[in-house]
Amino acid sequence: YQLHFQVAIVYLRLGKVVKSIETIQNALKYGQNFIIAHSLRGSCFESLGVPNIAELSYATGINISFDNCESWIALASLLGTSRGEVTHAVQMIRAAYTGGPEAK
């Protein structure tokens, strides 16, 4: 699955976002818990203006690893920019930097 992910990054660097998403999907077929792939998928959908799928991708990363602050920050940034939920986004970022919403 990591090879698919590396190829997806190459497609992304070439500006082929849709092809990158397709390749990430292949990576996730073999490595469902690959958090970085979920984050990249979210970022790709965000760049295409599809915030609902981006949000789902970031949330999947959080479900896989609750303490992964990068997923929380990506989700918070998305909420702040796409929905205007700035206060909620700031709270999420603060929680992420302190170890997650429950500050474990």
Side-chain angles (χ1 to χ4, degrees):
Y1 63 89
Q2 291 184 2
L3 178 59
H4 286 286
F5 180 73
Q6 296 300 322
V7 172
I9 291 173
V10 171
Y11 281 128
L12 190 58
R13 289 183 178 162
L14 292 172
K16 299 180 179 189
V17 178
V18 173
K19 190 67 177 168
S20 180
I21 290 170
E22 292 171 3
T23 309
I24 293 167
Q25 295 292 96
N26 286 332
L28 290 171
K29 285 180 188 175
Y30 302 105
Q32 295 175 353
N33 292 334
F34 193 22
I35 296 171
I36 298 170
H38 287 287
S39 292
L40 184 61
R41 180 178 182 261
S43 179
C44 287
F45 277 109
E46 204 171 338
S47 73
L48 290 175
V50 188
N52 292 340
I53 298 177
E55 181 179 348
L56 183 63
S57 297
Y58 298 141
T60 300
I62 291 167
N63 286 333
I64 292 167
S65 179
F66 188 75
D67 293 335
N68 182 349
C69 69
E70 288 83 9
S71 296
W72 283 105
I73 291 168
L75 180 59
S77 297
L78 176 67
L79 293 176
T81 57
S82 71
R83 293 188 188 166
E85 297 179 15
V86 177
T87 302
H88 187 210
V90 170
Q91 290 171 344
M92 289 179 86
I93 290 171
R94 284 184 179 146
Y97 278 123
T98 60
E102 295 179 0
K104 294 179 180 180

Sub-4.5 Å side-chain heavy-atom contact between [X] and [Y]:
{"X": "E55", "Y": "E46", "value": "no"}
{"X": "H38", "Y": "I24", "value": "no"}
{"X": "L28", "Y": "Y1", "value": "no"}
{"X": "R94", "Y": "Q91", "value": "no"}

**Fill in**
All heavy atoms of Y58 vs all of S71, minimum pair found to be O-CB, 3.9 Å
**Message:** Minimum heavy-atom separation for V86 and G80, please, with both atom names.
**Reply:** CG2-O, 4.1 Å
**Asked** Is it true that V90 and L75 fall in one hydrophobic cluster, defined by side-chain heavy atoms closer than 4.5 Å?
**Response** no
**Message:** For residues L79 and I53: do they belong to one hydrophobic cluster (side chain heavy atoms under 4.5 Å, members Ile, Leu, Val, Met, Phe, Trp, Tyr)?
**Reply:** no
**Asked** Taking the six-membered ring for Trp, is the centroid-to-centroid distance between W72 and F66 below 6.0 Å?
**Response** yes
**Atom pair OG (S43) and CG (L78), whose distance is rounded to the nearest 0.5 Å** = 10.0 Å
Could you list the donor-acceptor pairs under 3.5 angstrom formed by side chains in residues 2-18, with sequence neighbours left out?
none

**Asked** Is the count of non-hydrogen atoms from other residues, nucleotides or ligands lying under 6.0 Å from E22 atom CD greater than 12?
**Response** yes
**Request:** For I36, look at atom CD1 and say whether over 12 heavy atoms of other residues, nucleotides or ligands are found less than 6.0 Å away.
**Result:** no
